[in-house]
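Chain letters run A, B, ... following the sequence lines, proteins first and then strands; every chain starts at 1. Atom set for the values below is all heavy atoms of this structure, side chains included, hydrogens, waters and symmetry mates excluded.
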2 protein chains.
Amino acid sequence: MASLSVRIDLGPELRIGPGKIELLEKIAAFGSISAAGRAMDMSYRRAWELVEELNGTFESPVVSAQTGGKRGGGAVLTPFGLSLVARYRAIESAATQAAAAHLDALQGELAAKTAAE
Amino acid sequence: MASLSVRIDLGPELRIGPGKIELLEKIAAFGSISAAGRAMDMSYRRAWELVEELNGTFESPVVSAQTGGKRGGGAVLTPFGLSLVARYRAIESAATQAAAAHLDALQGELAAKTAAE
DNA sequence: CATCGTTATGTTCATATGAACATCACGTAA
DNA sequence: TTACGTGATGTTCATATGAACATAACGATG
């Protein structure tokens, strides 16, 4: 099934797409950067770098992390981070819904081409 | 200004985004792969590779090219290629319009963060 | 026949990107 | 004190990616 993939451009060096958003959601769900990375089959290193990049691109941090402690540490989304995720999903949802008919048409056309010849 | 960037996933190895679409439009406008490349500040090699990739991913070719001749040769979009571009722009337009309000809200929130502190 | 602009490739090189591995710091719990 | 799980980095290496350059085929046109 054809689907839409949405990225938001907020300026040069300021882009956010489905990958980073999913990572943020996983962090919110597990309370840990490393657990989020594992869930996405991604090295901790990589996950941490993405978080670092996100925290650096926006004025306000998106993830707040703590080292040591009960479970060895952990990470949570800041209010701004939560808001960012919510807004992205809202945008994605609206976009997908609005484009659904066109997508189906394209898909159909593609199937016809595949069937023919 | 914040803007949306849309990619269409039609399967693994079957993705199309703003770059390829723009290239196709330039090819249609100039009637030449090399002219399209120049217009996008892209080497002919690169432009040709993208066209090759497009022609390979879909069942039906998207660009039809001729070597030699009056102007040295040229390239035009196939009917399917034209349709693909049109559908992409329609999808993009619908998506952008539907997400406009959310985008503005995000932009505003971002500006607030930038202003504060 | 020589020229021109284009398509169509080959080849080489620099760079960006991510994978992999290796530590260290930290704070709680046993 | 030791162990544990996590955050936070450093380092190295393989690979992917694109840039740059080079060349041939082609067909009209002069």
Side-chain angles (χ1 to χ4, degrees), chain A residues 5 7 12-58 60-78 80-81, chain B residues 5 7 12-58 60-78 80-81:
Chain A
S5 172
R7 314 195 144 255
E13 304 297 312
L14 253 177
R15 328 186 54 175
I16 189 164
K20 286 174 192 162
I21 292 296
E22 184 183 351
L23 179 62
L24 290 182
E25 287 175 333
K26 292 278 193 288
I27 290 173
F30 293 112
S32 148
I33 296 177
S34 65
R38 283 194 299 269
M40 292 179 67
D41 195 42
M42 177 190 298
S43 71
Y44 168 77
R45 176 79 211 226
R46 175 95 182 109
W48 178 82
E49 279 174 349
L50 290 176
V51 168
E52 192 71 359
E53 186 185 334
L54 281 168
N55 277 342
T57 43
F58 295 103
S60 198
V62 171
V63 170
S64 169
Q66 293 181 14
T67 173
K70 183 183 308 186
R71 286 174 50 219
V76 296
L77 296 199
T78 64
F80 173 61
Chain B
S5 171
R7 315 196 143 255
E13 306 295 313
L14 253 177
R15 328 187 54 176
I16 190 165
K20 287 174 191 160
I21 292 295
E22 183 181 353
L23 179 63
L24 290 182
E25 288 175 334
K26 291 278 193 289
I27 290 173
F30 294 111
S32 148
I33 296 178
S34 65
R38 283 193 298 271
M40 292 179 68
D41 194 42
M42 178 188 300
S43 72
Y44 168 77
R45 174 81 212 223
R46 176 96 181 107
W48 178 82
E49 279 174 349
L50 290 175
V51 168
E52 192 72 358
E53 187 185 334
L54 281 168
N55 278 342
T57 44
F58 295 104
S60 198
V62 172
V63 169
S64 170
Q66 293 180 16
T67 172
K70 182 183 310 189
R71 285 175 50 218
V76 296
L77 295 201
T78 64
F80 174 61

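For B:E49, the salt bridge (charged side-chain N to carboxylate O under 4.0 Å, His left out) partners at least two apart in sequence or on another chain are B:R45.
Between the B:T78 side chain and the B:V63 main chain, no donor and acceptor come within less than 3.5 Å of each other. A:S5 contributes no side-chain N or O that, together with a main-chain N or O of B:R7, makes up a donor-acceptor pair within less than 3.5 Å.
The minimum heavy-atom distance linking A:T57 with A:L54 is given by the pair OG1-O, 2.9 Å. Here the closest heavy-atom approach between residue B:A47 and residue B:L23 is recorded as O-CD2, 3.8 Å.
For the atom pair CD1 of B:I16 and CD1 of B:I21, the computed distance is 3.5 Å after rounding to the nearest 0.5 Å. Interatomic distance, A:N55 CG to A:L50 CG, rounded to the nearest 0.5 Å: 11.0 Å.
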Side-chain donor-acceptor distances from residues 34-42 of chain A under 3.5 Å, at least two apart:
| unit_1 | atom_1 | unit_2 | atom_2 | d |
| --- | --- | --- | --- | --- |
| A:S34 | OG | A:S32 | OG | 3.1 |

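Each of A:Q66 and B:R71 lies near DNA chain D, and the nucleotide nearest A:Q66 is the one positioned closer to the 5' end.
Contacts of residues 14-44 of chain A with DNA chain D (heavy atom under 4.0 Å): A:S32, A:I33, A:S34, A:R38, A:Y44.
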Extract from the structure each pairing of a protein N or O with an N or O of nucleotides 21-26 of chain D at less than 3.5 Å, listing the distance.
| unit_1 | atom_1 | unit_2 | atom_2 | d |
| --- | --- | --- | --- | --- |
| D:dC26 | O2 | B:G68 | N | 3.2 |

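Considering only side-chain N and O atoms, A:W48 lies under 4.0 angstrom from the phosphate OP1 or OP2 of D:dA8.
Among residue pairs with one or both ends in residues 64-77 of chain A, none qualify as salt bridge (Lys or Arg N to Asp or Glu O under 4.0 Å); sequence neighbours excluded. Note on residues 14-25 of chain A: pairs passing salt bridge (Lys or Arg N to Asp or Glu O under 4.0 Å), not counting sequence neighbours, are A:D9-A:R15, A:K20-A:E53, A:E22-A:K26, A:E25-A:R89.
B:E49 comes within 4.0 angstrom of nothing in the nucleic acid, heavy atoms only.
Read 5' to 3', the first and last nucleotides of DNA chain C with an atom closer than 4.0 Å to a heavy atom of chain A are C:dG18 to C:dT28.
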